[in-house]
Each structure stands twice: as structure tokens, then as C-alpha cells.
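Order of listing sets the numbers, starting from 1, for every ligand and every atom in it. All values below were derived from every heavy atom in this structure, side-chain atoms included, with hydrogens, water molecules and symmetry-related copies excluded.
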Amino acid sequence: MSVDYLRISVTDRCNLQCIYCDPLRDVDFVPRKELLTFEEINRIAGLFAQCGITRIRLTGGEPLVRTNVVWLVRQLAGIRGIEDLSLTTNGVLLELMADELKDAGLKRVNVSMDSAQKENYKQVTGFDFFENVTRGIYKALAVNLNPVKLNSVIIKGVNVSQIPALARMSVELPVAVRFIEYCPTSRQTRPASDYVPNSEVRRIIEQIFGPLTSTLPGSGNGPALYFKIPDSAGCIGLISGVSSFFCRSCNRLRLTSDGKVRPCLYSAYGYDLKGLIRAGANDRRVLNLLKRIIAEKKGSTKLNAFTKEFCMRDVGG
Ligand code: SAM
């Protein structure tokens with residue numbers, strides 16, 4: 001397994017308040033001066049590229065709320081060795097920014113869309129942005145950010161009713177509708193008992209649309225398994241991070257918005273890259289640390305252990 005994928009959280013701020021992520025909207029944000037600057041992120045990404053990273057995804061918090069994020073996209077797209085640059089967004093600002101993101105070199109986009117209905121969307125996210133996100137998805141398709149993937153986290157008693165309508169979006173649109181199993185991360189989010197296994201999501205879809213057939217993803221090779229409803233324009237992805245175990249094939253590292261490198265989403269420990277850089281370390285010293293982190297990641301197949309509570313918007317989901 002080669003470690004070639006880096007997720008960069010560009011901010012811990014977000015313009016939504018999703019019940020599965022940060023329902024209380026903790027205002028305990030990282031102080032601005034502790035966030036990595038875009039120049040620092042660009043330097044770190046360039047050094048990661050020298051260590052074999054070929055794919056970068058920007059995430060957060062909500063990456064599109066950080067001022068000048070398009071500038072960062074342009075810089076990262078220009079790094080030699082970076083073949084794939086993608087973004088995970090809640091889509092609220094996507095309609096306004098899709099054109100310039102594409103122009104800056106963004107290849108593809110994942111949009112969180114946990115509901116196919118306005119009122120229910122508001123219940124999940126706390127905000128009335130259903131139409132903005134819908135227009136954002138159409139805009140992403142129009143400017144050929146390809147592929148467009150939609151991410152839905154299904155929570156018992158909240159949006160299970162939306163599964164058929166979300167699945168139907170893959171029939172009508174050339175998108176991958178991905179169901180991500182809810183992973184309880186803290187006492188503030190929903191209880192673990194609200195988790196819906198993807199076996200149940202699949203059962204609900206097949207009850208309505210008939211048997212799904214396996215298919216291969218158009219791009220990216222993360223942990224999702226892909227299926228098709230017959231004659232659909234798009235496909236369905238199942239990301240079963242709770243009911244299945246894919247540490248052995250995990251090839252991703254995470255850079256948090258305050259400059260820590262986490263070998264795993266659930267790591268309790270993050271390597272303090274920002275501290276090293278702000279202490280004036282030269283490229284060689286930074287490269288040495290990155291190589292060590294990558295070697296550790298390659299050697300370990302059992303990182304997936306909860307060691308403390310965390311919030312996805314802090315780490316970068
Ligand atoms: N703001 C962007 C967005 O909404 O997509 C990017 C950040 S968000 C933390 C990234 C992904 O994490 C989203 O696809 C979201 O569905 C997922 N996520 C957040 N909390 C989660 C949880 N508790 N369980 C499973 N997935 C979660």
C-alpha cells in the first residue's frame with residue numbers, strides 16, 4: 001500500500017451546524033493566528049509531493065468559507081507531482097465559486113447532501129440552504145468538475161426517509177450518491193444507537209429499485225464500494241466505516257487546519273508540523289519528518305482506535 005493521498009483541512013470554521021458533526025456549533029475555533037497560512041499549506045503540500053503524495057483533497061470545516069481559497073487551489077494545482085486535486089464542501093457557496101475553482105485547477109468535488117427535501121435538510125444542517133446546495137450541484141456538473149459525488153450521512157429518526165429520494169438522484173443525474181455510515185465522535189453528536197448500517201440502506205434502496213449491480217468508480221479509490229441502479233445516469237456508493245474495517249487499505253494522511261499531521265482520522269496524536277515550520281526548520285528537516293510519518297503509516301494497520309472525542313470539523317472529515 002503506498003501512501004499517496006493527503007487531506008488538508010483549510011479551516012475549522014463552517015457555515016452549517018450538522019447534527020452528526022457539530023450540533024452545538026462550538027465556538028471554540030482555532031485562533032486565526034494558529035491556522036496554517038496558505039503559504040505554509042502550499043509549502044507543506046510541495047514537500048509532501050516530494051514524498052510521493054499525488055492526490056490532495058481540501059476539506060474542513062467548510063473550505064469555501066476561507067477567504068482566497070481559490071488562490072490556494074491554484075497554487076496546489078501547480079505543484080509538480082499532484083495529479084488529482086479535489087474538494088469536499090457542503091455546497092452552500094458552490095454555485096458562486098464553481099467556475100473559478102475549476103479555472104484554478106480543481107478537478108472534482110464531493111458535496112454533502114444529507115437530504116432531498118428542504119425541511120428535512122434544515123433539520124439535519126440547521127440552515128435553510130437546500131436550494132443553494134442543489135444549485136451548487138448543478139453548477140458543478142455544468143462546469144465539468146468531474147465526477148461530482150454527493151455524501152449523505154444517514155441518522156436514525158432523522159433522514160432515513162430520504163434514502164429512496166437520494167438514491168433516485170443517481171438515476172437522474174450523473175453523480176455518485178454515497179451513503180456514509182454515521183460515526184459517533186463525541187457526546188455532543190447523536191448517540192451511537194442512531195447509526196444506520198449500510199446493509200440497511202442497501203436493503204431500503206433495493207426494495208424500491210431492485211437489485212443493485214456492482215460497478216467501478218470513475219475516479220478516486222477510497223473506501224467506497226460502488227453500485228448501480230439499472231439504467232441510472234450515476235451510481236451509488238456505500239462507505240461503511242463503522243460496520244467494516246478498512247485500515248489495511250487506508251492510504252490517506254490528514255493535515256489539520258492548525259498544522260498537525262494525523263496518520264489516521266482517529267489518531268489521538270498529531271505531528272506538530274506548524275511548530276516545526278514556525279521554528280524555522282528548513283525543507284530537509286521537514287522532509288525528514290514527513291518521511292517518518294509516511295513510514296509509520298505504512299507499517300501500521302491498526303490505527304483505527306478511538307482514543308479521544310473529536311469533532312470532524314476540527315480534523316477535517
Ligand atoms: N464542510 C464540508 C462538508 O460538509 O462536506 C467538509 C467537511 S465535513 C466534516 C466532511 C465529511 O465528513 C462530510 O461528507 C460529512 O458528511 C462527514 N462527516 C462529518 N461528521 C461525520 C460523522 N459523525 N460521521 C460520518 N461522517 C461525518
Looking at Arg43 and Glu40, is there a salt bridge between them, counting it only when a charged N and a carboxylate O are closer than 4.0 Å? no
Ranking Asp12, Ile155, Val153, Ile154 by closest non-hydrogen atom to atom 26 (N) of ligand 1, top hit is Val153
Given Gly61, Pro184, Cys183, Cys14, which has its nearest heavy atom closest to atom 6 (C) of ligand 1?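 Minimum heavy-atom distance to atom 6 (C) of ligand 1 goes to Gly61.
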Is the positively charged end of [X] above the ring of [Y], judged by distance under 6.0 angstrom from the centroid and angle within 45° of the axis?
X: Arg202; Y: Phe179; result: no
X: Arg190; Y: Tyr182; result: no
X: Arg252; Y: Tyr5; result: no

In sequence, state the C-alpha distance, the side-chain angles, and the governing distance for Val261 and Phe48, and then conclude on side-chain contact (heavy atoms from CB on, under 4.5 Å). CA-CA 11 Å; Val261 180; Phe48 263 118; 4.2 Å; yes
If you look only at pairs with a residue in residues 166-179, which of them pass as a side chain to side chain donor-acceptor pair (under 3.5 Å), with sequence neighbours excluded?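 Every pair satisfying side chain to side chain donor-acceptor pair (under 3.5 Å) with a residue in residues 166-179: Asn151-Arg178, Arg178-Tyr226.
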Out of all atoms in ligand 1, which are within 4.0 Å of some heavy atom of [X]? Include the element for each.
X: Asn151; result: 14 (O)
X: Thr88; result: 2 (C), 5 (O), 6 (C), 10 (C)
X: Thr59; result: 6 (C), 7 (C)
X: Tyr182; result: 23 (N), 24 (N)

Ligand 1-proximal atoms of Thr89, by part, heavy-atom distance under 4.0 Å: backbone
Contact check, Arg190 vs ligand 1, heavy-atom distance below 4.0 Å: no
Would you say Ser152 touches ligand 1, if touching means a heavy atom closer than 4.0 Å?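 Ser152 does not count as a contact of ligand 1 under the 4.0 Å cut-off.
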Okay, side chain of Glu206, backbone of Leu212: is any donor-acceptor separation there less than 3.5 Å?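 Yes; judged by distance alone, with no hydrogens or angles, the pair exists.
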